[in-house]
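To keep things clear, I will list the structure first and then write my remarks on it.
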Amino acid sequence: MKTSLIHSQPSIILLIACLFWISSAEFADAAGIKPEPSGQATEQKKDLKPEDYAQWQRISTAQLSPNADWFSWTIHLVEGDGWLMLQQTGEDPDDGKKFEHALRPGFSADNRWFAFLIGVSEEERRQMSDQNERIKYQLALKDLSSAEIDTFNNISTYEFSEDGRILLMRKYRPENSEIRGYDLILRNLEAGTNQLIGNVAEYELNEEGTKLAYLIDSHDQIGNGVHLINLETMSTRVLESDEAEYEKLIWHWQDDPLQSRQRVMQQHLDEWVLLYDEFDVYKASPDGSRIERITDGREHKIRYRQQRLDFETTEINPEDPFYLNKFGERTKDRGYARVNLNGEVETLIYESAAISNLVKAEDVPRYIYQRQTAVNSPNYYLTDAEFGSPVALTNTNPQQEDFYWAEDELIHFTNKRGEELEGRLLYPANYDPGQQYPMIVLIYERMSQTLHNYSLPSRTSAYNQRRFSSEGYFVFMPDITYELNRPGMSAVESVVPAVETVLETGMVDPGKIGLTGHSWGGYHTNFIITQTDLFSSAVAGAPLVNLISMYNSIYWSSGFHQGYIFETSQGRFPYPWWEDKEYFLENSPLHQIENSETPLMLMFGTDDGAVPFNQGVELYTTMRRMHKEFVMLVYEGEGHGLGRRENQIDYANRAMEWHAHYLLGKEPAPWIVEGIPFIERPELQER
């Protein structure tokens, strides 16, 4: 990576580099509960450093076999290659079978087979991507009754038939091919035989998985047509053939299994549908003549929503109970409830934790769900229909025990308009109640709902809550609510009272508070520092700066006029700027920036398709003329979020150094005060 700094005047620097993607979802990856004072059993713990981050694990693609005897999940590392795990549900999580570079796992419906694709390492993937080389997967097929594993080369996707007797494996289409056809392998799992069908353009199984229809697309169109295989007898029929191109294969709705099922669904629709309001679920007749509230969420500020367990249909079987997820609006507690056939709502699990990803085994009444808190790494649990005595199936991030690790709590505050709001406060990792600490305030609309989320440390995020916590900061994420025509002032009226509420605890040093956010959160960061001197440092990524010039720009990622963002989306301006000019100016950071004395660091990618790079240039030239403490980081070729790993790390490190200087009193890094003249940029020297 080449990095260059452009020096203009003291404390005014433009940094040119090449950096990374930060999604808004990363703003919501930490949570927990207020910690006990440190001291007990902490002597052996150590500080978490960036070089320790790589070992942290994230879990995904959890699957339960239809009979609930087998469980699989994927581990992703913060840095490096992850793996796929397979275990019997009664065994120790650490004794499962481990498969490197594996992805897209699946069980057969008869519980006899387990399949997955085998890819390449992250390093190989990067090298192949740089060389525009195509990655081709293998397929692994494991007999669950033995240690036997068969592999098949060059398989792009696979699918088990509904009864589990047949495995369909789609091979890669030849490169530079002018036809849509590819080879399709039918593996008879009972007989252990393979049948190859060439030039398949599309295929579809019927609902029962007993018949396979497919289209042929050959080079000279001879043999093109629609074919049907009876998978029970393996006999083939040609339904139609012609020298033509066939496409959009769809099973007709009147085939036997679908017709009877749809009649049941229609009878159900004639009886009732589910409706929601802010908190509750209602059963209503389609004609509106009857409506019944079945939950009591409004009284307890608990939000109920349907929890789907069967994704093959959008309907609810009236002969089965159905499930709801629960979310405490004021507590952020989570869990699940079941609506029985008599209409009774039974709470199954509801805790001060993030409870999610409920899945039912297809054949038996056994369930898995994920549970996490700020201090408990996400893990899956197996339970019965009564949700009693859950059994842990996974054990992620055991190494956390070696490090100081912070909890969090929910802060309740009232904004300037009298609304009761919440914010999530993550504690410093080695918190001592006898001290005051610096604090980073991270903003992006509503964020308190992420309470209890487990935060992974990362070197690639300039907004990583766990890194801030590990380096001695409180991290506060307050909610923001809005009034029309006042997006900037609304943020001030929420964030400032929220911070003042935390300051009342005495835990935070009022002279050591930083503010940060990306995109819309970056806009709020820029604007808030023009209205208050509460913050001693600020970092804003890809922010809106001049609301009028932004309104008149193009959203290059889609080609649409940016005005729609203001009038129908986050901007919350109901009219164009020329009809409400005073509101646009009042809420525009550029037009209020003379009021700010907070040291500000800005980040932009030159190819940002969402917020034009010139937004940053406008603020840079203004701050330079005003002699403000300001640095602008510019990443060549990057978009709204930075994509290259080396740039992600660079931006994250500089953000940490910026806050460390202005909040912790550390000596400024050379790039903060020195810079490099524009003509000394490495890119220009090479020319």
task: Could you pull out all residues at least two apart from Leu664 that satisfy side-chain contact (heavy atoms from CB on, under 4.5 Å)?
output: Pro438, Tyr473, Ala660, Lys666

- prompt: Does Asn379 reach the main-chain N or O of Thr396 with its side chain, forming a donor-acceptor pair under 3.5 Å?
  reply: yes

Close aromatic pair by centroid cut-off 6.0 Å: Phe566 and Phe584: yes

field: Distance-only polar pair, side chains of Gln400 and Tyr454, donor-acceptor under 3.5 Å
entry: yes

message: Please check if the number of heavy atoms outside Gln435 that lie under 6.0 Å from its CD is greater than 12.
response: yes

message: For the CG atom on Asn595, are there more than 12 heavy atoms of other groups (residues, nucleotides or ligands in this structure) within a distance under 6.0 Å?
response: yes

- request: Report yes if the distance between the aromatic ring centroids of His561 and Tyr551 is under 6.0 Å, otherwise no.
  value: yes

- line: To the nearest 0.5 Å, atom CZ of Arg459 lies from atom CD1 of Ile649 at 4.0 Å

- prompt: Does Glu471 pair with Lys49 as a salt bridge, N-O distance under 4.0 Å?
  reply: no

- request: Begin from the C-alpha positions of Glu586 and Asn485 and carry the test side-chain contact (heavy atoms from CB on, under 4.5 Å) through to its verdict.
  value: CA-CA 9 Å; Glu586 182 186 67; Asn485 285 317; over 6 Å; no

Pair Arg654 + Asp650: basic N to acidic O under 4.0 Å: yes

query: Taking atom types as modelled, is there a side-chain donor on Ser121 or Glu124 under 3.5 Å from an acceptor on the other?
result: yes

query: Got Met439 and Val499 here, is their nearest side-chain heavy-atom distance under 4.5 Å?
result: yes

- prompt: Looking just at side-chain N and O atoms, do Tyr662 and Glu629 make a donor-acceptor pair shorter than 3.5 Å?
  reply: yes

field: Glu419 and Arg417 ion-paired at < 4.0 Å
entry: yes

query: Under the side-chain contact (heavy atoms from CB on, under 4.5 Å) test, which residues partner Glu594, sequence neighbours left out?
result: Met626

task: Using modelled atom types only, decide if a donor and an acceptor are shared between the side chain of Ser553 and the backbone of Ser549 within a distance under 3.5 Å.
output: yes

- prompt: Quick one: does Pro668's side chain get under 4.5 Å of Glu657's, heavy atoms only?
  reply: no

query: Is Arg466 positioned over the aromatic face of Trp56, cation under 6.0 angstrom from the ring centre and no more than 45 degrees off axis?
result: no

query: Would Leu48 and Tyr404 count as a side-chain contact (heavy atoms from CB on, under 4.5 Å) if you check the C-alpha gap in whole Å, the side-chain angles of each, and the deciding distance to 0.1 Å?
result: CA-CA 7 Å; Leu48 182 66; Tyr404 294 113; over 6 Å; no

query: Considering only heavy atoms from C-beta outward, does the side chain of Glu422 approach that of Lys332 to under 4.5 Å?
result: yes

field: Under 3.5 Å: donor-acceptor pair, side chain of Glu420, backbone of Phe413
entry: no

Check: Thr373 side chain, Asn376 main-chain N or O, donor-acceptor pair, under 3.5 Å: yes

query: So, Ser469 side chain and Ala406 main chain: donor-acceptor pair closer than 3.5 Å or not?
result: no

query: If you look at every heavy atom in Pro457 and Asn464, which pair is closest and at what distance?
result: CA-OD1, 3.5 Å

- request: Would you give the length of the straight line joining atom CG of Asn430 to atom NZ of Lys46, rounded to the nearest 0.5 angstrom?
  value: 14.5 Å

query: Can you tell if the side chain of Ser494 reaches within under 4.5 Å of the side chain of Leu421, non-hydrogen atoms only?
result: yes

- prompt: Hey, are Lys512 and Ser536 close enough side-chain-wise for a donor-acceptor pair under 3.5 Å?
  reply: no

- prompt: Stepwise, does the side-chain contact (heavy atoms from CB on, under 4.5 Å) test hold for Val441 with Val475?
  reply: CA-CA 6 Å; Val441 180; Val475 187; over 6 Å; no

message: Taking Val617's backbone N and O only, do any of them form a donor-acceptor pair with Asn614's side chain (distance below 3.5 Å, no angle check)?
response: no

Minimum heavy-atom distance Gly637-Thr606, with the two atoms named: N-OG1, 2.7 Å

query: Atom CG in Leu619, atom OG1 in Thr621: separation rounded to 0.5 Å?
result: 8.0 Å

task: Examine the side chains of Ser557 and His640 and answer whether a donor and an acceptor come within less than 3.5 Å of each other.
output: no

- line: Tightest non-hydrogen contact, residues Leu77 and Gln55, listed as CD2-O, 3.8 Å

message: Strictly distance-based, threshold 3.5 Å: is any side-chain N or O of Ser519 a donor or acceptor partner for the main-chain N or O of Gly521?
response: no

task: Carefully, step by step, assess Glu407 and Tyr431 under the rule side-chain contact (heavy atoms from CB on, under 4.5 Å).
output: CA-CA 10 Å; Glu407 299 185 355; Tyr431 173 67; over 6 Å; no

message: If you define the side chain from C-beta out and look only at heavy atoms, does anything of Thr481 sit under 4.5 Å from Ser490?
response: no

query: Aromatic ring centroids of Tyr482 and His524 under 6.0 Å?
result: yes

Shortest non-hydrogen separation from Ser458 to Val78 and the atoms involved: CA-CG1, 4.4 Å

- prompt: Sub-3.5 Å donor-acceptor pair from the side chain of Gln615 to the main-chain atoms of Val545, do we have one?
  reply: yes

- prompt: What about Tyr444 and His518, are their ring centers closer than 6.0 Å?
  reply: no

query: If every non-hydrogen atom of Val120 is compared with every non-hydrogen atom of Arg125, which pair is closest and at what distance?
result: CG2-N, 3.8 Å

query: Nearest 0.5 Å, what's the OG-CG distance between Ser588 and Leu547?
result: 4.0 Å

message: Check Arg126 with Glu123, please: is the shortest side-chain N to carboxylate O separation under 4.0 Å?
response: yes

- request: Output all residues satisfying side-chain contact (heavy atoms from CB on, under 4.5 Å) with Thr532, sequence neighbours left out; order by chain, then residue number.
  value: Val496, Ile528, Leu534, Phe535

field: 4.5 Å side-chain heavy-atom contact, Val502 and Glu500
entry: no

task: Determine yes or no for a side-chain-to-main-chain donor-acceptor pair under 3.5 angstrom, with Asp479 supplying the side chain and Met447 the backbone.
output: yes

- line: So CG of Leu410 and OG of Ser448: to nearest 0.5 Å the spacing works out to 6.0 Å

- request: For atom OH of Tyr564, decide whether the heavy atoms of other residues, nucleotides or ligands shown that lie under 6.0 angstrom number more than 12.
  value: yes

message: I'd like to know if the side chain of Asp333 pairs up with that of Ser352 as donor and acceptor (distance under 3.5 Å, no hydrogens or angles considered).
response: yes

- prompt: Under 6.0 Å between the ring centres of Tyr583 and Phe573?
  reply: no

- request: Using the salt bridge (Lys or Arg N to Asp or Glu O under 4.0 Å) rule, take Arg486 and Glu493 through it: C-alpha gap first, then chi angles, then the decisive distance, then the call.
  value: CA-CA 10 Å; Arg486 305 179 72 247; Glu493 293 168 356; 2.6 Å; yes

task: Give a yes or no on whether the backbone of Gly418 and the side-chain of Asn415 come within a donor-acceptor separation of less than 3.5 Å.
output: yes

message: I'd like to know if Arg572 pairs up with Glu483 as an ion pair, taking the criterion as any Lys NZ or Arg NE/NH1/NH2 lying under 4.0 Å from an Asp or Glu carboxylate oxygen.
response: no

query: In Å and rounded to the nearest 0.5 Å, what is the OG to CZ distance from Ser377 to Arg58?
result: 11.5 Å

query: For the residue pair Asn526 and Ala540, what are the closest heavy atoms and their distance?
result: OD1-CB, 3.4 Å

